[in-house]
**Q** 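Dumping the structure here so I can ask a few things about it.
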Amino acid sequence: MDKTYQPKDIEQALYAEWERAGWFAPQGKGNSFCIMIPPPNVTGSLHMGHAFQDTLMDALIRHQRMCGRNTLWQVGTDHAGIATQMVVERQLEQQQQSRADLGRETFVERVWAWKQTSGGQITEQLRRMGASVDWSRERFTMDDGFSRAVAEVFVRLYEDGLIYRGKRLVNWDPVLKTALSDLEVENVEEKGSLWELRYPLADGRRTSTGDDHLIVATTRPETMLGDAAVAVHPDDERYAELVGAFVELPLVGRRIPIIADDYVDAEFGTGCVKITPAHDFNDYAMGQRHDLPMHNIFETDASLNDEVPEAYRGLDRYDARKQVLADLEAIGLRGETHDHKLMVPRGDRSGAVVEPYLTDQWFVAMAELARPAIEAVETGRVRFVPKQYENTYFSWMREIQDWCISRQLWWGHRIPAWYAPDGAVYVGRDEAEVRATHGLGADVPLEQDPDVLETWFSSALWTFGTLGWPEDTEALRTFHPTDVLVTGHDIIFFWVARMIMMTLRFTGEVPFETVYIHGLVRDAEGQKMSKSKGNGLDPLDLIEGIELEELVAKRTRGLMQPQMEKRIEKATRRDFPDGIPAFGTDALRFTFCALASTGRDVRFDLNRITGYRNFCNKLWNAANYVRLNTAEAELEGEIELSTADRWIVSRFQKLLTDVHFAYETFRFDVMAQRLYEFVWNEYCDWYLELTKPVLRDGSPSQQRAARRTLVEVLEAVLRVAHPVIPYLTETVWREVAPLLDRDGPTIMLEAFPVADDGRVDEDAEAEIEWVKGVILGVRNIRGEMNVPPGKAIDVLLAEGNESDRARLERNQGFLVQLARLQSLAYLDADTSAPASAIQLVGDMKVLVPMADLIDRDAELARLDKEIERRRAEVERVEKKLANERFTAKAPAAVVEKERGKREEALAALQTLAAQREEIAAL
RNA sequence: GGGCGCUUAGCUCAGUUGGGAGAGCACCGGCCUUACAAGCCGGGGGUCGCAGGUUCGAACCCUGCAGCGCCCACCA
């Protein structure tokens, strides 16, 4: 073993070995345990969110595997319709080509080719994270089997009347030229204007106040070309007389009615709303209520079509806006303009402003699917951790809208519907089935629907589709329902909810019993990591390290907004002046666990990972110490356990209890913290140090006891830590395990340690606390008095009780070694102590004779500080005890505890005060 | 407009049923003490956002307020 922990030397080779050996595949004898990986985009790359999520899943999986469960971590990738298609289209663009140039078949082949070449990247990165997924079962959402499941689900839903096709107003992305679901639209607040437009009253009508027009207020003047009415509130007295009359739509010349509808807010704007049923969701609904005609004025790219007057045809919607406003101005029909903040709908992929647009699309009727899915969470068949996310889930599910699932893309699962020349639609698993079922001969030409299904439609089938459904497979019976889903709160609606609905519908089972929701990974300033902001970190760079120049280049490469380059470069040079050192996978994983507290977002800070890299080094070196002291030694034979040996074993049982609890409650942070504390603050800081005097001066049986305990605790700690830091623990374990005649090939298949309450030893714990008290007391005097660390000093113990004397007897060697003493002795009751610096351990005095070591004034100052501390405590406790209501009403045990505190503090205070007087008199 | 979350040491965060305010990092002082300088030893530092209430007792429970963040929603 190297002296310093070098992760790069151990990680990659180990993973290859694990994978080759087939140890990731299910093999436990116990109950099944299964996690489905949220399938990443097949052509994507691993970002911090993945790395975080994969670490948590791997910890759970490795833990359960070591607990003996028959454990499957199902891996796979998603075809990610829009995202992947966009990447390939961008590549074509650089060659001055479009997908239309290639044609559908060639284009789809190109995407498959791209998937072949780049599809391995993310799975390679998953391997670098140490993820123990079962590669032999890897799936892809567009592989044959999964595609069959998708078609099967579509057909069955259609047959049950839950999938329908219809002309509806949908969210239309005019850049990607496809429909989007409600969830794929992000509403962003933006600054805009509220324009007032004058609509002349038709037929020469005037209002009772003499006006010959109405003023409507709108944020979208260009859509006036498609107006079908003007609406006012039915109770709005200002306009009551005009309801039923008409206005003449300017620029168009159409006569449109003035209608009353209580959707209108009389307080807003002018109280008159222009109604454009084909281009606004509210207006659409109103158009339905009032039977208004629909004037679709847009092409698929949101330029104006032939429905509008010639002057506007072909204009982009924003150019049309300017033109309409200018033309209205010219004829005196433009009113005031007000600044106005509005929510602008943008496509989450393209960023384009989404247009409500009337098209034929496929929909899933959701109400019937949602009902049992709501119930499953209500009854606890599915539980969310943290629980508050159940409310998020319920609120969306209870108001659920029908789901538009067709996309006007080429990459994805083609909709299994065929059209006959007469317009009839036939849905089936494939064309042959359609023909057979409906008796359509070869003479009837059928054309398949050109659209594909939204990616989330197939993702919704992930838990059962990957296990072989619709076949009744062994895997499905064994691993479904799965146990835990680990995912971010950003896809509860997109994915989690839809999985629950679809899985219940088609298997009658819930997809998973627990949904663990983790936070999003943000940068050290709390900003969301993104390519465009250039603040993202690549997990691989944290593992392997990266030079500053390369990091700058990487962050500024291929930016959508090149003007950001300077800023990103500056920030990068500021935040990472020396680039990023190689931390290794284990340190990264430990950091993720430590940051995963309660499902809230986490800030990723280089300081944290540095600390945990140091922790890995600490454990590595502790192992080095153990190895140096045990490899050549005889561990078999009679043993005589020291208090320290019993203490560390006892402390370890408590670690196990806490870790077990942490796994049960998904508190990865608690687990990481307890591991850190135990390894560093107990095993290394104290136990290892306590073995040193024994290994030097102890009897053979005492030495054997220490050596055995060192190895046994280390070996077991490695198993506890393995799910978090698999590489380090495997490497060290292979060196350590043989010392205990454990000969398994890998730590990952060894048993996870279980607490043994019989090995908890409260006496040993109390005694080591006492030992620590004495040592800390001496160290405090040393530190505060600036006694050189190398100087061995004399220490006396005084007063105290029999137990203190007995403890000294047993622990003399420990104290002398760890406090670096020249001598240590108990002072007889009748001998008076020399002038000393003092520390109290219980009511025993720890005395460091001042001789010429200690400065009188410094000791006085130190005493004053301690006296003040005790005085404050006495004061606080006495105040509490003086309160009769406290002594009367608080539980007796609490009162007793306070009394005990008072006694102890008072006694200490007295001793210290006497001591102070003595020193002051010198 | 509705809902949720957060506010604890300089920074990032723990604090499980209400009963002695914690960790890591940073900071100050001292050490190359034979596992580890990626280390060791000692130390300083908080009116727990604000205001009320419940209680013998509140960081924790209740109400209100403020600030920050997120989600949902049809006010043109």
Side-chain angles (χ1 to χ4, degrees), chain A residues 1 3-5 182 187 194-195 216-220 223 231 263-265 267-276 280-286 340 342-343 356 386 388-389 391-392 395-396 399 489-490 492-493 520 524 526 581 583 587 594-595 597-608 610-629 661 665 667 669-670 673 676-677 681 684-685 688-689 692 775-776 779-790 820 865 873 876-877 880 883-891 893-895 897-898 901:
Chain A
M1 271 169 64
K3 182 173 169 182
T4 305
Y5 167 59
D182 297 345
N187 292 298
L194 188 63
W195 287 278
V216 300
T218 182
T219 55
R220 299 212 49 195
T223 63
Y263 155 74
V264 179
D265 178 359
E267 306 293 315
F268 188 88
T270 61
C272 289
V273 196
K274 60 187 273 310
I275 302 300
T276 321
D280 181 283
F281 288 102
N282 295 311
D283 295 5
Y284 179 82
M286 203 183 298
H340 182 68
L342 70 164
M343 297 300 274
Q388 76 240 22
Y389 285 108
N391 294 328
T392 310
S395 63
W396 187 71
E399 303 281 316
H489 56 70
D490 51 337
I492 290 177
F493 306 145
L520 272 33
F583 291 109
L595 290 173
S597 55
T598 49
R600 59 193 257 179
D601 291 353
V602 300
R603 296 188 184 203
F604 196 91
D605 190 337
L606 239 42
N607 290 324
R608 279 306 267 276
T610 305
Y612 296 126
R613 190 267 321 261
N614 295 353
F615 170 76
C616 290
N617 184 53
K618 189 74 178 176
L619 181 54
W620 180 268
N621 277 291
N624 200 28
Y625 170 86
V626 172
R627 202 176 47 86
L628 289 171
N629 284 289
F661 181 74
T665 53
R667 287 302 300 267
D669 60 326
V670 170
Q673 193 185 337
Y676 187 100
E677 273 172 12
N681 304 125
C684 291
D685 283 354
L688 250 52
E689 296 302 324
K692 286 177 183 174
I775 292 166
L776 290 171
R779 282 180 184 169
N780 175 267
I781 292 170
R782 257 186 201 282
E784 295 274 289
M785 298 298 110
N786 283 321
V787 176
R820 295 177 156 253
K865 203 164 66 180
E873 192 183 354
R876 194 181 51 76
V877 176
K880 210 169 186 179
N883 184 346
E884 278 175 33
R885 289 175 306 177
F886 171 71
T887 47
K889 294 200 176 184
V894 173
V895 176
K897 201 169 151 195
E898 291 297 314
K901 268 193 255 174

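Quick note on labels: first sequence line is chain A, next is B, and so on, each numbered from 1.
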**Q** With respect to the phosphate group of B:C13, does any side-chain polar atom (N or O) of A:Arg603 fall under 4.0 Å of OP1 or OP2?
**A**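 For B:C13, OP1/OP2 do have a side-chain N/O of A:Arg603 under 4.0 Å.
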**Q** Could you tell me whether the phosphate oxygens of B:A76, OP1 or OP2, come under 4.0 Å of any side-chain nitrogen or oxygen in A:His340?
**A**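 So the side chain of A:His340 is within the cut-off, an N or O lying under 4.0 Å from OP1 or OP2 of B:A76.
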**Q** Would you indicate whether the side-chain heavy atoms of A:Arg613 and A:Thr610 approach each other to under 4.5 Å?
**A**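 Counting from C-beta outward, A:Thr610 and A:Arg613 do come under 4.5 Å.
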**Q** Answer yes or no: does a side-chain N or O of A:Asn629 lie under 4.0 Å from OP1 or OP2 of B:A35?
**A**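 No, A:Asn629 has no side-chain N/O under 4.0 Å of OP1/OP2 on B:A35.
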**Q** Between C1' on B:G43 and CE on A:Met785, what's the gap in Å once rounded to a whole number?
**A**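 It is 12 Å, rounded to the nearest whole Å.
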**Q** Does B:U47 have a Watson-Crick or wobble mate here (both distances under 3.5 Å), and if so which one?
**A**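 Looking at the geometry, B:U47 pairs with no nucleotide.
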**Q** What is the separation between atom OH on A:Tyr676 and atom P on B:A38, rounded to the nearest whole Å?
**A**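 Answer to the nearest Å: 14 Å.
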**Q** B:C4 P sits how many Å from A:Ile492 CD1, rounded?
**A**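 Result: 15 Å.
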**Q** Between A:Lys865 and A:Asn187, just flag the one whose closest nucleotide in RNA chain B comes earlier from the 5' side.
**A**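 Checking each residue's closest nucleotide, the 5'-ward one belongs to A:Lys865.
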**Q** Without decimals, in angstroms, what is the distance between A:Met343 CE and B:C75 P?
**A**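 Checked: the CE to P distance equals 8 Å.
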**Q** If I pick the P atom on B:C74 and the same atom on B:U12, what distance separates them, to the nearest angstrom?
**A**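 Here B:U12 and B:C74 have their P atoms 36 Å from each other.
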**Q** With both distances under 3.5 Å as the test, what is the Watson-Crick or G-U wobble partner of B:G18?
**A**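 None - no nucleotide pairs with B:G18, as no candidate has both distances under 3.5 Å.
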**Q** Between C1' on B:A14 and CD on A:Glu677, what's the gap in Å once rounded to a whole number?
**A**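 Going from CD in A:Glu677 over to C1' in B:A14 covers 10 Å.
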**Q** Of the nucleotides B:U33, B:C56, B:G19, which has the atom closest to the A:Pro789 side chain?
**A**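 Per side-chain heavy atoms of A:Pro789, the pick is B:U33.
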**Q** Tell me which of A:Leu595 and A:Glu267 sits closer to the 5' end of RNA chain B, going by the nucleotide each one is nearest to.
**A**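 That would be A:Leu595.
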**Q** Give the C-alpha distance, both sets of side-chain angles, the deciding distance and a yes or no for side-chain contact (heavy atoms from CB on, under 4.5 Å) between A:Tyr676 and A:Lys618.
**A** CA-CA 10 Å; A:Tyr676 187 100; A:Lys618 189 74 178 176; over 6 Å; no
**Q** Considering Watson-Crick and G-U wobble pairs with both distances under 3.5 Å, what does B:G24 pair with?
**A**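 Pair assignment: B:G24 / B:C11.
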**Q** Check the phosphate of B:C40 against A:Lys618, side-chain N and O only, distance under 4.0 Å to OP1 or OP2. Yes or no?
**A**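 A:Lys618 to B:C40 OP1/OP2: side-chain N or O found under 4.0 Å.
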**Q** Base, sugar-phosphate, or nothing for A:Asn391, non-hydrogen atoms under 4.0 angstrom?
**A**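 Counting heavy atoms under 4.0 Å across all strands, no contact is made by A:Asn391.
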**Q** Counting Watson-Crick and G-U wobble pairs only, both distances under 3.5 Å, name the nucleotide matched with B:G52, or none.
**A**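 WC or wobble partner is B:C62.
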**Q** Test side-chain contact (heavy atoms from CB on, under 4.5 Å) on A:Leu520 and A:His489 and set out the steps.
**A** CA-CA 8 Å; A:Leu520 272 33; A:His489 56 70; 3.9 Å; yes
**Q** Starting at CZ of A:Phe886 and ending at C1' of B:A58, how long is that distance when rounded to a whole Å?
**A**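 After rounding, the reported distance stands at 14 Å.
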**Q** When the P atoms of B:G10 and B:G44 are considered, how many whole Å apart are they?
**A**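 Approximately 16 Å lies between the P atom of B:G10 and that of B:G44.
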**Q** So, OP1 or OP2 of B:G19: does either fall under 4.0 Å of a side-chain N or O from A:Arg876?
**A**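 Result: no.
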**Q** Is the distance from OP1 or OP2 of B:A14 to the nearest side-chain N or O of A:Ser597 less than 4.0 Å?
**A**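 Result: yes.
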**Q** For A:Arg782 and A:Arg820, indicate whether the former's side chain and the latter's backbone hold a donor-acceptor pair under 3.5 Å.
**A**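 At least one qualifying donor-acceptor pair exists.
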**Q** Separation of A:Asp601 atom CG from B:U7 atom P, in whole Å?
**A**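 Going from CG in A:Asp601 over to P in B:U7 covers 13 Å.
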**Q** Checking side-chain contact (heavy atoms from CB on, under 4.5 Å) for the pair A:Phe886/A:Val894: CA distance, chi angles, key distance, verdict?
**A** CA-CA 10 Å; A:Phe886 171 71; A:Val894 173; 4.0 Å; yes
**Q** Side chain of A:Asn614, heavy atoms from C-beta onward: which of B:G39, B:G5, B:A76 has the nearest atom to it?
**A**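 Nearest to the side chain of A:Asn614 among the choices is B:G39.
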**Q** Using the rule given for side-chain contact (heavy atoms from CB on, under 4.5 Å), can you reason through A:Lys274 versus A:Thr223, listing the C-alpha separation, both sets of side-chain angles and the distance that settles it, and then say yes or no?
**A** CA-CA 9 Å; A:Lys274 60 187 273 310; A:Thr223 63; 2.7 Å; yes
**Q** Tell me the partner of B:C70, counting only Watson-Crick (N1-N3 plus N6-O4 or O6-N4) or G-U wobble (N1-O2 and O6-N3) with both under 3.5 Å; none if nothing fits.
**A**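 B:G3 - that is the nucleotide pairing with B:C70, both distances being under 3.5 Å.
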**Q** Could you please name the partner base of B:U33, counting Watson-Crick and G-U wobble pairs only when both distances are under 3.5 Å?
**A**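 Per the H-bond distance test, none.
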**Q** Tell me: CD of A:Glu884 to P of B:G57, nearest whole Å?
**A**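 Taking CD of A:Glu884 and P of B:G57, I get 14 Å after rounding.
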**Q** Considering all heavy atoms of both residues, which atom of A:Tyr5 and which atom of A:Asn617 are nearest to each other, and what is their separation?
**A**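 Looks like N-OD1, 3.3 Å.
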**Q** Using only side-chain N and O atoms of A:Arg779, determine if any of them is under 4.0 Å from OP1 or OP2 of B:G29.
**A**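 Answer is no, no contact under 4.0 Å.
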